[in-house]
Amino acid sequence: MAEKKEKSLAYKYGFLALSLAIIIIFRFLPVPATLESVCSAIEGGSGRSAMTLLGILLGVVILWITEAIPLAVSSMFIPIFIGLFNIDKFNVVFKATFGSNVFAFFMGILAISVACRKSGLAKKMAAYFGMVSSKRPSLVLLLVMAISFFISMWITDMAAVGIMIPIGLAVLATINAVRGESNFGKAIMLGISWGSVFGGITTPSGVSSNIIAMTFLGEAGVDVTFTQWLTICFPIGLIDLILGWLVLLLVFKPEVKEIAFDKTAMKKQLAEDKWTKSQIWIVVVFAFMILAFLTSSKTGLNINLIAFMLIPLLMLPGISAFKDFKDFQSSLNWGAIILAVAGVSLGVYAQSTGLSSWIAQMLLSPVAKLPGILQLGGVSILTDIGGLVLSSMNITATIFVPIVIDFAAQTGASVFAMALAATCASSTVIVLVTQTPTLVLTYAEGYYSIKECAKAGIIMTVLSAVVVAVWLTLMVACGMV
């Protein structure tokens, strides 16, 4: 597979200059009367601040899409310009960004994900997979997707893919699958990504866009428990999983009839590869995390607190997968954390200034005229289209979730249902490789092309939008949301 071509300095500085120019221009542009009217009706709203924030949003989105500078660095422009242009005091902005619960949550979830890989637990899981797997390619694919689905329910989808890739490669090695040629190889690698995406939408901890949505729902006065989210979204993820499995088998028909796993060799490997203290402890901590998440509504423990508690538990001397705190610190993807928390602060200020209310009226007013199932479908499709442009589920959720929350509040629709429609749609836009790291990671293995990803992804994205619309409409009719 050809290496990604490095962007030129002219390209980078050109888009950086364009971004900064847009931010500055919007600072001084006249405020539209409709925007001023909407903002004046909101306590603390400001037409000038909203207009300035719109410029910041457009400027940063350009940097996110073009990757003229690293995503984490461009995300820092959000609190910087919010403070620089006096939309709010910088100490308040900084606290809202890096002092949010989201920061603590990501640190904890990424910690246990990295610990699984560093301890060798992921490789051990690959061997156990071969021991219990069927020899039929279709069932092997389903099992790979199902395990990815389950793991992604509790840790980030990106981390789940990181754990599952060694398993997928071990499976493909048994049939000598050729990169770029093997249909089964394409299905397995896309199946890992898809399974992780579908599992991720079922729980708040699965994908970061879920946490972003819960944050915005909390700001809107809608408190959602872990169990409530799981009850509503698990069926969506499960139906997507089954449909995704069928789509991959249809688009990439396996070229082999049977997979000959050497279970004797795998059994010998497991017998020789003894369980370490750190591996055993990670399993214990993982079980604690799942139990704590499931019982959080009864115990009163905040899921962000639970996630943050994982860090000291994983750092206990003698049983930690990390050599020391420096090892832990260098292992975390801080850029992903900065991107997520900066995006949340952008959404929070879009609500407080009145910008999201104005955009909701301008963009979604035609959707309000549609009946129930079509209305939720319209939100899903609109979010999918936005996801194609924004190339990131986190960014898409950050921009669209607060907008649809305001839209629901203005039209009398279910705030929770609308937010879930936008959130699930933002997480299941799987057309382009660049839209989620879960696809980037498996694409890097070289088994499928960008065109092949889009070929199957378009079908699945449309099917998922239909599933989301129909299921949430049923839930609204039953009074569940």
Closest approach of V247 to A456 (non-hydrogen atoms, all atoms of both residues): CG1-O, 4.1 Å

S209-S427 side chain donor-acceptor pair, cut-off 3.5 Å: yes

Side chain to side chain, L58 and F26, heavy atoms closer than 4.5 Å: yes

Closest non-hydrogen atom pair, A220 against I405: CB-CG2, 3.7 Å

Counting only pairs under 3.5 Å, give me each side-chain donor-acceptor contact of residues 188-201, with atom names and distances, residues two or more places apart or in other chains.
residue: S193; atom: OG; partner: T438; partner atom: O; Å: 2.4
residue: S193; atom: OG; partner: T442; partner atom: OG1; Å: 2.8
residue: S196; atom: OG; partner: I192; partner atom: O; Å: 2.9

Set of ring-ring contact (aromatic ring centres under 6.0 Å, His included) partners for F308, sequence neighbours left out: none

Closest contact, heavy atoms only, A111 versus L314: C-CD1, 3.8 Å

Validation row: L143, I147 side chains within 4.5 angstrom (heavy atoms): yes

Distance (rounded to the nearest 0.5 Å) between Q375 CD and S414 OG: 10.5 Å

C233 vs T203 side-chain heavy atoms within contact, under 4.5 Å: no

Criterion side-chain contact (heavy atoms from CB on, under 4.5 Å) on I282 and C116, from CA distance to verdict: CA-CA 7 Å; I282 291 169; C116 285; 4.0 Å; yes

Validation row: M51, P32 side chains within 4.5 angstrom (heavy atoms): yes

Atom pair CD1 (I87) and CD1 (I78), whose distance is rounded to the nearest 0.5 Å: 11.0 Å

Plane angle bin for F98 and F94 - parallel if under 30°, tilted between 30 and 60°, otherwise perpendicular: tilted

Side chains of T231 and Q228, donor plus acceptor under 3.5 Å: no

Trace of the side-chain contact (heavy atoms from CB on, under 4.5 Å) decision for Y448 with L439: CA-CA 10 Å; Y448 63 87; L439 284 171; 3.8 Å; yes

Least distance between heavy atoms, L172 atom then G185 atom: CD2-CA, 3.6 Å

Minimum side-chain heavy-atom gap L248-M145 below 4.5 Å: yes

Pairs meeting criterion salt bridge (Lys or Arg N to Asp or Glu O under 4.0 Å) with involvement of residues 407-418, two or more places apart: none

Qualifying residues under side chain to side chain contact (heavy atoms under 4.5 Å, CB included), relative to A422, sequence neighbours excluded: V379, T383, V401, V404

Donor-acceptor contact below 3.5 Å, side chain N210 vs main chain T423: no

T202 (side chain) donor-acceptor with F234 (main chain) under 3.5 angstrom: no

From CD1 (I212) to CZ (F400), nearest 0.5 Å: 13.5 Å

Qualifying residue for side chain to side chain contact (heavy atoms under 4.5 Å, CB included) with L472, from L474, V470, V468: V468

Test item: F416 and L217 side chains (from C-beta on) under 4.5 Å apart, heavy atoms: yes

Flag, side chain of S380 to backbone of L376, donor-acceptor distance under 3.5 Å: yes

Listed partners of Y349 passing side chain to side chain donor-acceptor pair (under 3.5 Å), at least two apart: D88

Residue pair L57 / L53, side-chain heavy-atom distance below 4.5 Å: no

Closest contact, heavy atoms only, G83 versus V93: N-CG2, 4.5 Å

side-chain contact (heavy atoms from CB on, under 4.5 Å) assessment of I62 paired with F15: CA-CA 7 Å; I62 287 174; F15 278 109; 3.9 Å; yes

Sequence neighbours excluded, every pair satisfying salt bridge (Lys or Arg N to Asp or Glu O under 4.0 Å) that has a member inside residues 207-224: none

Least distance between heavy atoms, A397 atom then F216 atom: O-CE1, 4.3 Å

F184 CZ to K253 NZ distance, which is reported to the nearest 0.5 Å: 14.5 Å

From CD (E255) to CG (N183), nearest 0.5 Å: 6.0 Å

Qualifying residues under side chain to side chain contact (heavy atoms under 4.5 Å, CB included), relative to N304, sequence neighbours excluded: N101, F105, N302

All side chain to side chain donor-acceptor pair (under 3.5 Å) counterparts of S49, not counting sequence neighbours: S46

Atom pair CE/CD1 of M480 and I232 - distance to nearest 0.5 Å: 4.0 Å

Solution key, residues 237-246 side-chain donor-acceptor pairs under 3.5 Å, sequence neighbours excluded:
residue: D240; atom: OD2; partner: S464; partner atom: OG; Å: 2.9
residue: W245; atom: NE1; partner: S138; partner atom: O; Å: 2.9

Side-chain touch V140/R136, heavy atoms, less than 4.5 angstrom: no

Any residue meeting side chain to side chain donor-acceptor pair (under 3.5 Å) with T34, in chain and number order, not counting sequence neighbours: W358

Check against side-chain contact (heavy atoms from CB on, under 4.5 Å), I311 and F328: CA-CA 9 Å; I311 298 174; F328 163 77; 3.8 Å; yes

Pairing residues for V429 by the side chain to side chain contact (heavy atoms under 4.5 Å, CB included) criterion, not counting sequence neighbours: D384, L388, Q435

Exam field: side chain T295 to backbone K298, donor-acceptor pair closer than 3.5 Å: no

P204: partners by side chain to side chain contact (heavy atoms under 4.5 Å, CB included), with sequence neighbours left out: I211, M214, F226, W229, I303

